[in-house]
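So the structure is just underneath, and the comments pick up after that.
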Amino acid sequence: MLITCPYCGPRDVIEFTYQGDGNRERPDPASQNFEAWNAYVYDRLNPAGDHNEIWQHSGGCRAHLKVVRNTLTHEISSVAFMRSDHGRGDHGRGDHGSAARRKAEDKA
Amino acid sequence: MVERQSPEPLSPLEPEFHVGSHGNFEHGVEIILTETRPGSIVQLAAWPGEEKKLIAAIRTVTGLALPDGAGGGLSDGVKSVFGFAPGKFTVADEAEGLAAAFAKVVTPAIGTVTDLSHGRTAIRIAGPKAEWVLAKFFAIDFALPAFPTGAGRSTTHHDVFAQIQRTGADQFDIYVFRSFARSFWKALCHASEEVGYEVQ
Amino acid sequence: MAEYSAFSLLANALKGNKDWKPAWRKPDPKASYDVVIIGGGGHGLATAYYLAKEHGITNVAVVEKGWLGSGNVGRNTTAVRSNYLLPANTRFYEHSMKLWENLSHELNYNVMFSQRGCLNLAHTPAQFDDYARRGNAMRHLGVDAELMTKAEIKRLIPALDISDSARFPVVGGLMQRRAGTARHDAVAWGYARGADRRGVDIIENCEVTGFLRDGDRISGVSTSRGDIRARKVAVAVAGSTGRVMQLAGIETMPIESHVLQAFVTESLKPFIDTVVTFGMGHFYMSQSDKGGLIYGGDIDGYNSYAQRGNLPVVDEVMSEMLALFPGLARVRMLRSWGGVCDMSMDGSPIITAGPLPGMYLNCGWCYGGFKATPASGWCFAWTIAKDQPHDLNAPFTLDRFHRGLVIDDKGQGANPRLH
Amino acid sequence: MSPRRADTGGRIDRLKTIRFTFDGTAYTGHAGDTLASALLAKGVTLYGRSFKYHRPRGLLTAGVEEPNALVTVLKGEVREPNIPATMVEIHDGLVAISQNRFPSLAWDINAVNQLGGKILSAGFYYKTFMGPVFGPLKGTRFWMFCEHFIRRAAGLGSAGSAKDPARYGRMNAFCDVLVVGSGPAGLMAAKAAADQGARVMLADLEPLFGGSANWSEETIDGAPAADWARRTVAQLAGRDNVRLLPRTTVWGYYDNNTLAALERVSDHKDQPVKGEPRHRYWAIRAKSVVLATGAFERPLVFPGNDRPGVMLAHAAERYANEFGVLPGERIALFTNNDSAYRAAVALKKAGAAVVAIADVRPELSPEMRKLASEAEAEIFAGHAVVATEGGKALSGLKLQRFDMTNGALIGDARSIHADCLLMSGGWSPTIHLASQAGAKAEWNAARQAFLPPKPAQSWIGAGAFTGSFSTAEAIAEGRTAGIAAAGGQSTPSVLPVVEAVPGDPDPAPVFEIRAKGKSFVDFQHDVTAEDVRLAHREGFVSVEHLKRYTTLGMATDQGKSSNVPGLAIMAEALGKPIPEVGTTRFRPPFAPVSIGSLAAERFGDLKPERLTPMHDWHLANGATMYSAGLWYRPMIYGHAGETVEQAYVREAKATRESAGIVDVSTLGKIAVQGPDAAAFLDRVYTNMFSTLAVGKARYGLMLREDGLAFDDGTTWRLGEQDFLMTTTTANAGKVMQHLEYFLDVIWPELKVHVTSVTDEWAGAAIGGPKARQILAACVTGTSVDNAALPFMGIVRGEISGVPVMICRLSFSGEMAFEVYSGAGHGTHVWEALVEAGKPFGLVTYGLEALGTMRIEKGHVTGAEIDGRTTARDLHLDWMLSKKKPFIGSAMMDREGLIASDRLELVGLIALDNRPFNGGAHIVEEVDEANPHGSIGHITACCYSPALGRHIALALVKGGKARQGTRAHVSDPLRNRFGPVEIVSNHFFDPDGSRMHG
């Protein structure tokens with residue numbers, strides 16, 4: 001499997017660390033809503049089909065990526081930085097990134 | 001070279017660094033391996049939006065003007081710089097003192113400077129089979145159009161994280177964690193035997 | 001239906017094997033049952049069998065979307081063991097072990113359960129102490145365990161590299177002699193035949209497409225072969241739990257589906273006698289009766305329903321294999337395959353009534369479900385029949401995660417890819 | 001030249017004689033021969049024994065799909081079992097032996113299994129061996145008793161335990177177009193793609209490119225097809241955008257067009273050149289793939305179809321045309337399609353007598369009749385072979401009139417004398433890779449074959465792979481595919497002109513001739529047509545059940561030739577069309593791959609070694625090293641004659657009496673920098689860091705999100721926005737990822753950078769009553785007295801001209817300092833400290849003494865922070881700040897985490913003064929015979945020189961409340977039982993007066 005890192009380009013899955021379900025929302029740090037905390041820590045969407053997930057390019061630029069990947073076919077339809085502020089300057093985002101982003105925007 | 005004030009740092013490769021020719025020489029020596037031992041290696045990281053100021057600072061300190069684009073970089077043979085992550089750059093210099101020099105120009109508002117002069121070991125692989133040997137380790141495309149001269153890449157060979165800069169058509173500088181350097185060096189020598197290599 | 005025996009084999013052979021009957025019937029679904037079990041894998045079939053045998057509930061249907069045993073019961077590496085650290089797991093898997101020990105007889109079907117032992121290799125003194133902790137935990141619950149020295153290990157497995165020059169030299173091991181392997185497909189077929197002989201309807205090629213409801217209560221299933229009503233609906237679809245629960249309107253679960261690859265070599269003359277595991281990575285191997293070395297390692301580590309894995313895990317598993325058995329470099333990998341595992345948030349299963357009225361849930365087997373098959377079916381049948389868990393599965397609730405009562409044998413927290 | 005070897009033709013070099021042995025007999029062959037062709041040339045008919053019945057078997061094929069002729073290749077003590085003789089290229093000194101026979105291939109005792117034929121039918125294991133219900137063989141014992149013998153009889157070749165001295169390599173490749181298969185379609189595709197300027201790789205599992213062009217005897221552009229292939233390959237070889245990979249099996253098609261291939265680099269050589277691998281594993285990321293993998297010929301299923309001398313028709317054609325070898329002198333053919341007629345002509349030309357062609361079809365085309373007459377063969381249209389004769393070699397066969405509309409046999413059988421029978425049951429396209437790529441094959445009724453599915457990934461098919469069996473079609477499709485794969489536009493062009501024998505690609509739908517006798521479907525596993533029907537009777541009708549119940553297609557040939565006939569027989573039994581029975585999904589590998597190649601460069605070198613800057617010093621000074629993750633750390637610096645315990649006791653004692661020094665470079669070190677660094681640390685740690693003064697360090701604890709303890713360590717504030725965090729050695733990587741995750745995903749607004757600086761710093765911890773004096777003796781540029789360097793203070797100075805950073809903190813409980821220097825200077829500083837310490841009796845100590853002193857102090861490490869304990873369990877609740885939320889704070893008070901029966905940290909003292917063992921359990925009452933009632937376990941233990949007692953740390957249920965009570969250690973694994981006193985984990989100097997000084 002290849003993941004096209006917006007900075008590094010297409011790289012083998014071995015360079016990445018899976019950080020799980022990207023649909024989860026972390027409650028406000030001071031929140032005492034235990035249901036929300038429990039759901040955040042333990043409950044997963046786990047769909048059969050397109051899945052929003054987080055990967056870290058730990059064996060490359062170490063950025064965390066927002067990936068939409070199909071869990072039935074492993075096809076990746078979009079990859080973007082988790083941080084929206086990456087690449088505001090010229091040196092953040094490579095050409096690979098713009099291609100992946102375009103694809104994501106097409107889907108959206 | 002600036003005169004060192006402290007003792008010469010020890011190389012982690014020392015007991016496994018065997019100057020001379022090794023391996024299969026059917027086609028002559030096709031790989032040259034060296035340790036470049038830069039006097040300083042620093043990592044620079046800009047806050048989002050401050051990348052241009054950091055690039056200007058790099059130019060001020062090193063005289064090197066970074067090209068645009070992810071992983072872009074260049075080398076003048078004495079100093080080298082390349083991007084390895086969004087807003088992050090590795091700079092190496094034959095001389096010591098880069099970290100102190102950058103500390104003066106990279107203000108806290110621009111980003112951070114981290115001295116890695118001791119923490120990274122720089123190994124140079126050169127020769128017509130350099131791409132062939134590196135392709136044994138790293139799942140990245142080393143062909144010149146995909147990996148132009150001056151550019152940098154962050155990648156991994158199993159547990160060994162590496163930053164690689166192409167410093168010539170047939171030449172790459174590989175920065176690895178010091179603690180892994182000896183293991184990686186041994187593996188690199190082993191993998192080069194097939195084509196014949198010389199340690200300089 | 002005829003009993004299987006050496007005599008029946010001979011008698012049939014004399015008649016040209018013309019008189020053998022199907023191992024289980026192929027009935028059409030009835031309009032309603034007392035219990036409908038979704039999932040014709042090992043756990044679903046075992047549940048049906050024990051419902052009939054232990055609780056006299058025979059008006060039961062098992063509905064399976066594909067062919068019987070097409071999930072993980074037919075895709076695993078066949079190891080059976082009860083060498084767990086935490087008491088809830090040890091007790092449960094030991095109950096399973098006891099059921100395994102009599103299973104072929106009970107089912108009149110040879111599931112080829114062979115107690116050839118399972119040896120966990122330790123590679124540092126600290127790891128050896130860890131294994132001692134686990135072995136002692138087992139012994140304090142009446143489960144067999146023993147420590148082995150390097151010399152004993154070398155005698156047991158001559159092909160193993162126990163040299164000090166190995167990258168991770170073997171310092172000793174934890175052995176469970178009563179552990180072993182079984183013929184995985186035969187377990188599904190044996191339970192299917194056993195359940196069928198007690199009147200259970202096993203309905204293949206029948207996919208559940210939705211749940212029927214009676215107010216809040218689940219009262220049956222819609223399937224590709226029509227609606228089937230039931231007083232109780234049991235879900236035993238490990239690997240597809242998320243998908244089936246979503247049909248019931250439950251969007252999130254403490255489960256991720258991950259792909260686990262397994263491998264087999266070409267057939268070899270006897271090479272190793274026990275199940276053996278590597279301590280400095282994740283690798284396990286045994287040899288089948290046919291001679292193939294059956295082995296595997298970690299899950300691929302990302303959500304997947306694809307039953308296909310990728311190369312990094314292939315490479316990792318083979319590298320670890322040769323670290324233990326350097327003589328196998330020239331042996332060849334013949335087949336690889338992938339199974340989809342329910343990875344739970346603490347690495348332990350869920351067997352419970354609920355979470356909806358009229359529903360019963362059995363899932364979260366991570367990659368340890370095969371050895372659990374008998375106890376899983378037995379406990380799940382109990383829970384369905386009595387509407388409350390048996391002591392053995394009482395800790396395996398769905399709400400334990402939220403309550404902080406996790407059963408985390410590996411100590412990895414809510415990170416499924418690490419269990 | 002042997003009588004069966006033609007004088008000319010083929011790929012072999014008759015001037016080069018190669019010597020090898022098979023089963024101890026010396027043979028010769030020629031360069032270019034396979035083991036199969038060389039033995040066949042010598043008239044060998046018997047190559048192997050089948051799996052179950054140990055029936056004698058000959059060659060069925062000439063290629064990778066061979067089920068029968070499996071051999072073990074020996075290289076000294078190293079064994080390579082189960083290799084098809086058809087895939088072994090002979091070289092001088094090759095030693096091969098046959099398998100699965102005793103005492104010899106010709107006389108095999110286990111052939112007695114054939115007598116049990118009907119009992120040993122499919123599924124017989126499941127129906128018996130359950131054993132008695134009582135007595136010594138009850139339970140699993142009877143089966144295990146039987147299994148012992150079954151296992152010895154089963155299996156093919158033997159694996160060895162000697163380490164393979166060969167090396168294996170890996171290569172990562174990237175290309176625009178990967179072409180798999182080098183027949184006419186593949187060659188055209190590679191050429192067309194290369195002409196477009198694409199980066200092309202061309203792989204073929206055979207040593208010689210050309211595929212069918214090497215044996216078809218067709219002409220292309222007026223020249224023999226083999227010459228055309230040679231010329232095209234030479235053109236490709238001369239281009240620098242093309243990489244040619246002969247002897248390379250593309251075996252796996254993984255996600256996103258990642259393909260795995262195995263190149264057999266030096267198997268065919270007497271000796272590899274220096275550094276050359278035996279096998280090279282290619283991981284290829286191809287933008288596009290052309291699948292031109294051809295097709296496999298299928299056998300026909302009829303009684304006696306497994307007798308040595310019965311062979312696939314095209315295999316015989318290959319032996320004749322590629323190797324100049326005749327598989328027999330009197331040859332008969334049996335076919336359901338036209339392709340076999342070309343083989344008849346080829347064998348006739350090569351010098352054999354073709355005595356008969358039996359064709360199940362009643363009507364034959366004039367072209368086929370013409371070919372038959374060219375071969376001077378008698379035609380038996382509407383006939384089938386119903387029996388074969390002979391022992392370990394074919395001597396004849398029986399023909400009978402056959403009605404293909406209903407399968408009936410009519411009239412009397414007629415005997416034909418022949419020493420070789422060639423069969424052709426039609427062709428199955430080699431769709432394995434396309435199936436692996438993720439889609440289901442489609443049945444084509446005309447071709448009677450599964451054709452490739454629509455691509456689920458980026459590939460294009462060409463040639464026989466698509467069901468286009470003629471060379472002209474292959475060339476046209478190859479060119480189109482090559483251009484398309486390279487992203488080009490096809491333009492009209494003149495294609496090479498092919499002259500080929502004619503033939504209808506569609507076979508008659510006949511798979512089996514039902515007559516008396518065993519008819520084999522799966523040759524290696526001895527699955528017969530009757531076994532398939534038995535599976536049907538017992539309800540194992542889905543293709544997966546069929547496969548699993550009968551083992552059809554599970555042999556080393558993976559059913560390449562047997563799958564479709566097996567399905568056809570099941571379909572007939574069910575009365576359903578073949579596609580309704582289904583086809584199995586092909587999975588990697590396409591053909592078996594060596595495990596050595598998959599481990600590649602990691603064979604013999606599983607993991608890199610991680611070394612501290614002072615590693616060589618430790619080795620030179622008597623350290624015994626301990627492997628900790630990937631690191632190596634000194635365990636003890638033993639003196640001659642000392643045991644490990646004596647050494648660590650000496651080291652710990654000397655440290656507490658004077659001073660000791662230990663290498664702590666492996667601790668994880670993370671630079672945390674930026675304006676929000678302090679705020680970030682407040683969120684990450686349970687305690688406060690924003691209040692920490694510059695130049696001071698603080699001990700910190702981290703929890704996981706779920707509220708359980710995660711890691712601990714000290715963090716040093718080097719500047720207002722500049723922290724140096726330390727972690728445990730084991731968790732360094734995990735903590736780094738944890739921090740990066742929160743900065744990137746959860747709190748992107750924080751201006752903080754984290755960088756691993758573990759390798760930047762060498763660390764030496766020096767502790768003991770004399771530690772400060774030693775430092776004072778060698779540190780310049782700073783004072784190290786209490787005022788300059790108070791507890792948890794940090795100073796900068798120099799040692800031997802090396803800049804150092806010194807923090808006064810203590811793990812041993814002594815007055816202690818951690819001295820950090822640039823890693824390249826680590827040994828300089830270490831040596832200077834050791835030298836300065838000499839007058840003070842400084843010892844170097846290792847992990848054992850380190851562990852001893854930390855147990856005495858009751859400090860926790862990974863054995864206690866094991867992912868299941870909370871801060872409270874470890875008596876670290878004083879570190880849980882109430883002033884702020886932190887990671888884990890919301891979850892740490894859940895009911896399960898505050899229960900009263902949780903395991904809590906305690907100290908233990910052995911009341912019987914005997915050593916403890918790590919991993920021993922704790923009970924209230926000892927029961928040696930029936931251990932039970934565990935209340936906890938020992939996490940770490942040692943002999944404490946400071947206390948003169950055997951002590952341990954333990955996690956015990958409700959442990960805090962048990963302090964001051966007695967219990968017992970219960971360690972049945974090592975038969976160690978005895979009384980203990982439960983005490984506080986702070987054994988030694990609980991008020992810390994020694995470290996505060």
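Note on naming: letters A, B, ... go to the chains in the order of the sequence lines (proteins, then strands), and numbering restarts at 1 for each one. Source: prediction; values computed, not measured.
Between C:D196 and C:R193, no side-chain nitrogen of the basic residue sits less than 4.0 Å from a carboxylate oxygen of the acidic one, so the salt-bridge criterion is not met. Salt-bridge annotation for D:R602 and C:E320: absent, with no side-chain N of the basic residue lying under 4.0 Å from a carboxylate O of the acidic one. Using a 4.0 Å cut-off between charged nitrogen and carboxylate oxygen, C:K410 and C:D346 do not count as a salt-bridge pair.
For chain C, no part of D:R533 is nearby; none of its heavy atoms comes within less than 4.5 Å. Of the two parts of D:L534, only the side chain, counted from C-beta on, holds a non-hydrogen atom closer than 4.5 Å to a non-hydrogen atom of chain C. Contacts of D:R704 with chain C are made by side-chain atoms alone, with heavy-atom separations under 4.5 Å and no backbone atom involved. Using a 4.5 Å cut-off between heavy atoms, D:F710 makes no contact with chain C at all. Only the backbone of C:A414 comes within contact range of chain D, with heavy atoms under 4.5 Å apart. For chain C, the nearby part of D:A153 is the backbone; its heavy atoms alone come within less than 4.5 Å. Interface residue D:H937: only side-chain heavy atoms are found under 4.5 Å from chain C. Looking at D:D706, the atoms closer than 4.5 Å to chain C (heavy atoms on both sides) all sit in the side chain, from C-beta outward. Both the backbone and the side chain of C:A126 come within contact range of chain D, each with at least one heavy atom under 4.5 Å from a heavy atom of that chain. When heavy atoms are compared at a cutoff of 4.5 Å, C:F168 approaches chain D solely by way of its side chain, counted from C-beta outward. For C:R400, no part lies under 4.5 angstrom from a heavy atom of chain D. Residue C:L324: no heavy atom, backbone or side chain, is found under 4.5 Å from chain D. Proximity to chain C (any heavy atom under 4.5 Å) is shown, for D:E601, by neither the backbone nor the side chain. The contact between D:L630 and chain C is made by backbone and side chain atoms together, counting heavy-atom distances below 4.5 Å. Contact annotation for C:N415: neither backbone nor side-chain heavy atoms come within less than 4.5 Å of a heavy atom of chain D. In this structure, chain D has a heavy atom under 4.5 Å from the side chain of C:T265, while its backbone stays farther away. Proximity to chain C involves both the backbone and the side chain of D:T556, based on heavy atoms less than 4.5 angstrom apart. Of the atoms belonging to D:E895, heavy atoms from both backbone and side chain fall under 4.5 Å from chain C. Residue contact with chain C, scored on non-hydrogen atoms closer than 4.5 Å, is absent for D:M635. C:H402 touches chain D through its backbone: at least one of N, CA, C or O sits under 4.5 Å from a heavy atom, while the side chain does not. Contact of D:T258 with chain C is made through the side chain alone, with heavy-atom distances under 4.5 Å. If you measure heavy-atom distances from D:A555 to chain C, the contacts under 4.5 Å come from the backbone alone.
A distance of 6.0 Å separates CG of D:L156 from CD of D:Q99, quoted to the nearest 0.5 Å. Of the inter-residue distances, the one linking D:M144 atom CE with C:F113 atom CZ reads 8.5 Å to the nearest 0.5 angstrom.
Side-chain N/O atoms of C:W24 and C:E204 include a donor and acceptor closer than 3.5 Å.
Highest contact tally toward chain D, considering only C:M112, C:M280, C:M318, is held by C:M112 [criterion: heavy-atom pairs under 4.5 Å]. Note: C:L68 leads C:L68, C:L10, C:V111 in heavy-atom pairs under 4.5 Å with chain D. When each of C:R139, C:K269, C:Q115, C:R335 is checked for heavy-atom pairs under 4.5 Å with chain D, C:K269 comes out on top. For the set C:M345, C:M138, C:K290, C:Q307, the entry with the most heavy-atom pairs within less than 4.5 Å of chain D is C:K290. When C:L268, C:V317, C:L103 are compared by the number of non-hydrogen pairs under 4.5 Å with chain D, C:L268 comes out ahead. Note on D:F124, D:Y281, D:F540, D:Y549: by heavy-atom pairs under 4.5 Å with chain C, the leading option is D:F540. Interface remark: of the candidates D:D164, D:T551, D:D927, D:I898, D:D164 forms the most heavy-atom pairs closer than 4.5 Å to chain C. Ranked by non-hydrogen atom pairs under 4.5 Å with chain D, the options C:E146, C:K26, C:K18, C:Q127 are led by C:K18.
Minimum interatomic distance between D:K52 and D:H525 (heavy atoms only, all atoms of both residues): CB-O, 4.3 Å. Taking both residues in full, the closest heavy atoms of D:A920 and C:N136 are given as CA-ND2, 3.6 Å, listed atom of the first, atom of the second, then distance. In terms of heavy-atom proximity, D:P931 sits nearest to D:S970 at CB-OG, 4.3 Å.
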- Working for side chain to side chain contact (heavy atoms under 4.5 Å, CB included), residues D:V541 and D:L546: CA-CA 6 Å; D:V541 296; D:L546 168 65; over 6 Å; no
- Walk me through it: do D:H545 and C:D185 pass the test side chain to side chain donor-acceptor pair (under 3.5 Å)? CA-CA 9 Å; D:H545 279 162; C:D185 292 318; over 6 Å; no
- Verdict with supporting geometry, C:H140 and D:H932, ring pair (Phe, Tyr, Trp, His ring centres under 6.0 Å): CA-CA 4 Å; C:H140 283 83; D:H932 63 276; 8.1 Å; no
- Query: Hey, mind stepping through C:W189 and C:Y109 against ring pair (Phe, Tyr, Trp, His ring centres under 6.0 Å) and telling me if it holds?
  - Reply: CA-CA 8 Å; C:W189 301 337; C:Y109 204 89; 7.1 Å; no
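Side-chain atoms of C:D144 come within 3.5 Å of backbone atoms of C:R178 as a donor-acceptor pair (strictly under, hydrogens ignored).
The cationic atom of D:K127 (NZ for Lys, CZ for Arg) lies less than 6.0 Å from the six-membered ring centre of C:W20 and within 45° of the ring axis.
Qualifying side-chain contact (heavy atoms from CB on, under 4.5 Å) partners for C:P312, counting only residues two or more places apart in sequence or in other chains: A:D12, A:V13, A:I14, C:N310. Taking the salt bridge (charged side-chain N to carboxylate O under 4.0 Å, His left out) definition, one finds that C:D130 meets it with nothing, sequence neighbours left out.
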